[in-house]
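First the proteins, then the strands, lettered A, B, ... as listed; each starts at 1.
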2 protein chains.
Amino acid sequence: MIDNYLLEELVTFAKYGTLAATAEQLMVTQPTVTRGMQKLEEELGVTLFVRQPNRISLSKTGQFAAKAAQKALDQNQLFIDEVRKYELNQRVIQLGTVAPGPRMVVNSLRLASNTRLEQQFIAPEAVAPKLLSHDYTLIITNQELQTEQIEARYLGSESLSVNLDQFTYLANQPMVTFKELKGLSFIVLTDISLWRDIIQANIPQAKFLYQAQTTAFTEITKYSNFPYFSTNLSKLAPENHPDENDDRVRIPISDPAAKMDFYAAYLQQNRKIVAPLIKQLTAAWL
Amino acid sequence: MIDNYLLEELVTFAKYGTLAATAEQLMVTQPTVTRGMQKLEEELGVTLFVRQPNRISLSKTGQFAAKAAQKALDQNQLFIDEVRKYELNQRVIQLGTVAPGPRMVVNSLRLASNTRLEQQFIAPEAVAPKLLSHDYTLIITNQELQTEQIEARYLGSESLSVNLDQFTYLANQPMVTFKELKGLSFIVLTDISLWRDIIQANIPQAKFLYQAQTTAFTEITKYSNFPYFSTNLSKLAPENHPDENDDRVRIPISDPAAKMDFYAAYLQQNRKIVAPLIKQLTAAWL
DNA sequence: AACAATTACGGAATCCGTAAAAATT
DNA sequence: AATTTTTACGGATTCCGTAATTGTT
């Protein structure tokens with residue numbers, strides 16, 4: 001077993017080329033580095049340097065060793081990071097979502113002090129890795145993940161509606177289909193994650209006027225007749241939608257693709273920790 | 001950066017369950033381990049143990065940390081092993097072969113003192129990995145390997161012949177095909193590596209009487225009429241074949257599959273080291 | 001009473017920096 | 001003359017083992 005500080009000296013030397021520079025970089029004196037590299041060679045039983053009276057450089061084996069040493073140091077650092085991350089995960093629940101709907105549900109809750117909601121959305125394919133790497137304790141996702149280590153519990157669903165000007169033909173129907181919305185121009189918030197792909201894939205020849213800012217979105221919505229989307233969860237974030245003076249009519253979309261089920265996914269080993277939060281979420285879901 | 005001996009104490013504790021047993025295992029005293037684990041917790045800033053006045057055990061995080069620590073230790077050990085292996089490879093050429101033919105060529109040489117021939121054969125698909133991992137410096141193989149790091153030089157070929165009783169019909173032909181050997185029973189050495197698959201795949205309905213010992217092989221060959229195989233390289237190992245009093249006739253096999261080209265494969269970075277040996281091999285090849 | 005963990009204390013080994021030496025550019 | 005590496009030496013830190021303490025089984 002070789003001490004890490006020797007490995008670090010080797011790696012630093014490989015980068016800076018002289019013992020003097022290495023010492024300066026590591027904030028020690030040259031003799032320290034000299035002794036360190038001698039000790040490393042002795043412990044390995046291998047010559048790593050070619051020495052001339054006033055010059056020292058890595059042998060071929062030394063160059064190889066420097067690369068290998070970097071890997072060992074990386075693994076050591078990984079140990080530190082992973083353990084700290086794991087411990088944090090035991091203490092505070094890192095909560096993530098794949099879409100804005102569930103996030104609105106979470107925002108409507110009074111979260112326990114040990115719970116922290118991450119704002120950015122997680123791609124569905126990143127859910128399992130981020131759970132396994134202990135970056136998140138619980139992720140609300142649209143897939144019923146079930147693996148060796150992960151389990152998922154159903155929370156509720158989100159259904160898309162479209163808000164249409166009351167004088168249009170479609171506004172008088174009880175429901176509409178994506179097809180019937182063909183060719184319209186919609187005003188849409190940029191950050192709607194999963195729904196974006198769904199509306200783009202299902203509404204033919206439509207135009208989507210994406211707005212990055214919610215203020216821009218609400219203003220344009222208010223002073224125009226563009227249709228916009230909302231869901232059964234939208235009322236949990238009323239600030240996003242111009243309820244007052246909005247003379248549009250909310251019409252549910254009947255396509256199966258307009259309904260999305262959400263699940264709480266987490267590591268089985270964390271079941272007890274997340275149980276209260278899941279209970280809270282289920283109760284709050286509309 | 002965390003000292004490896006602390007990681008080792010943690011891993012050992014995870015295995016033995018008490019500080020006393022851990023200390024005994026590591027051949028230190030209990031206070032040493034107590035202090036070590038305290039220091040580890042302090043440096044990580046994380047609690048790894050649940051402490052009762054008279055009992056200490058790993059917390060959930062501690063169990064996780066023990067596993068992670070093992071990985072870090074493994075990487076450290078890997079560093080040591082790899083560097084030593086690399087250095088050995090710089091000093092002495094580790095020479096391997098995929099088949100007995102090339103090995104006979106090597107055995108016929110007076111090898112330089114820095115060259116060591118490994119006796120067991122290497123599977124063709126293992127050639128590249130074993131070069132890249134520095135287990136071997138040079139491998140004589142039947143594939144012309146060319147990758148980012150590996151290159152191969154042609155050495156020579158080996159051609160299969162069959163030795164038939166002089167009174168049989170086929171013995172009077174200048175050449176035979178695998179098909180013409182249909183249904184015969186052959187006496188064969190078990191350890192012929194690649195040729196085994198070739199004769200089994202190409203000679204229909206044949207029986208192969210495999211002999212693990214060369215003594216058994218030569219004895220049975222001598223006192224029976226079974227045909228056996230040899231190649232242009234066989235004469236380099238005359239002890240394997242009963243030349244005297246053998247009234248069989250050596251007939252070359254004309255199929256393309258009965259000829260095999262051999263190459264010296266090595267890492268480009270070792271080109272200079274292996275050059276003299278390759279020169280020697282090329283010269284010695286029949 | 002026996003056992004397990006922790007704390008206290010003293011000695012020993014290790015490690016580091018300063019200083020000096022050797023040799024090159 | 002200025003750099004670079006190596007060796008020598010003295011001090012300081014760290015680390016370890018023995019012994020004592022605490023509390024449980």
For the pair made of [atom1] in [X] and [atom2] in [N], what is the distance, rounded to whole Å?
X       : N      : atom1 : atom2 : answer
B:Leu26 : D:dG17 : CG    : C1'   : 15 Å
A:Lys39 : C:dA13 : NZ    : P     : 15 Å
B:Tyr5  : C:dT14 : OH    : C1'   : 12 Å
A:Met37 : C:dC16 : CE    : P     : 11 Å

- The side chain to side chain donor-acceptor pair (under 3.5 Å) partners of A:Glu41 (sequence neighbours excluded) come to A:Arg51
- Item | Nearest non-hydrogen partners of A:Gly62 and A:Leu10, listed with the distance | O-CD1, 4.5 Å
- Task: Mind telling me whether B:Tyr86 and A:Phe64 have parallel, tilted or perpendicular rings, with 30° and 60° as the class edges?
- Result: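 Judged by the thresholds at 30° and 60°, the geometry between A:Phe64 and B:Tyr86 is parallel.
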- Message: Within the 4.0 Å heavy-atom criterion, would you say B:Phe49 contacts the bases, only the backbone, or no part of the nucleic acid?
- Response: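 It contacts nothing in the nucleic acid.
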- Message: Under 4.0 Å, counting only non-hydrogen atoms across every strand here, what does B:Val33 touch: a base, just sugar-phosphate, or nothing?
- Response: nothing
Produce the list of close N/O pairs, under 3.5 Å, pairing protein atoms with atoms of nucleotides 5-10 of chain D; give distances to one decimal.
{"from": "D:dT5", "atom 1": "OP1", "to": "A:Leu19", "atom 2": "N", "distance (Å)": "3.2"}
{"from": "D:dT5", "atom 1": "OP2", "to": "A:Leu19", "atom 2": "N", "distance (Å)": "3.2"}
{"from": "D:dT5", "atom 1": "OP2", "to": "A:Ala20", "atom 2": "N", "distance (Å)": "3.1"}
{"from": "D:dT6", "atom 1": "OP1", "to": "A:Arg51", "atom 2": "NH1", "distance (Å)": "2.8"}
{"from": "D:dT7", "atom 1": "OP2", "to": "A:Gln38", "atom 2": "NE2", "distance (Å)": "2.9"}

- Should we say atom CD of A:Gln120 is surrounded by more than 12 heavy atoms from elsewhere, each under 6.0 Å from it? no
- Quick one: do A:Ile80 and A:Asn76 satisfy side-chain contact (heavy atoms from CB on, under 4.5 Å)? Show the steps, please. CA-CA 7 Å; A:Ile80 299 173; A:Asn76 190 282; 4.0 Å; yes
- Item | Approximate separation, where rounding is to 0.5 Å, of A:Tyr136 OH and A:Arg116 CZ |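 Answer rounded to 0.5 Å: 8.5 Å.
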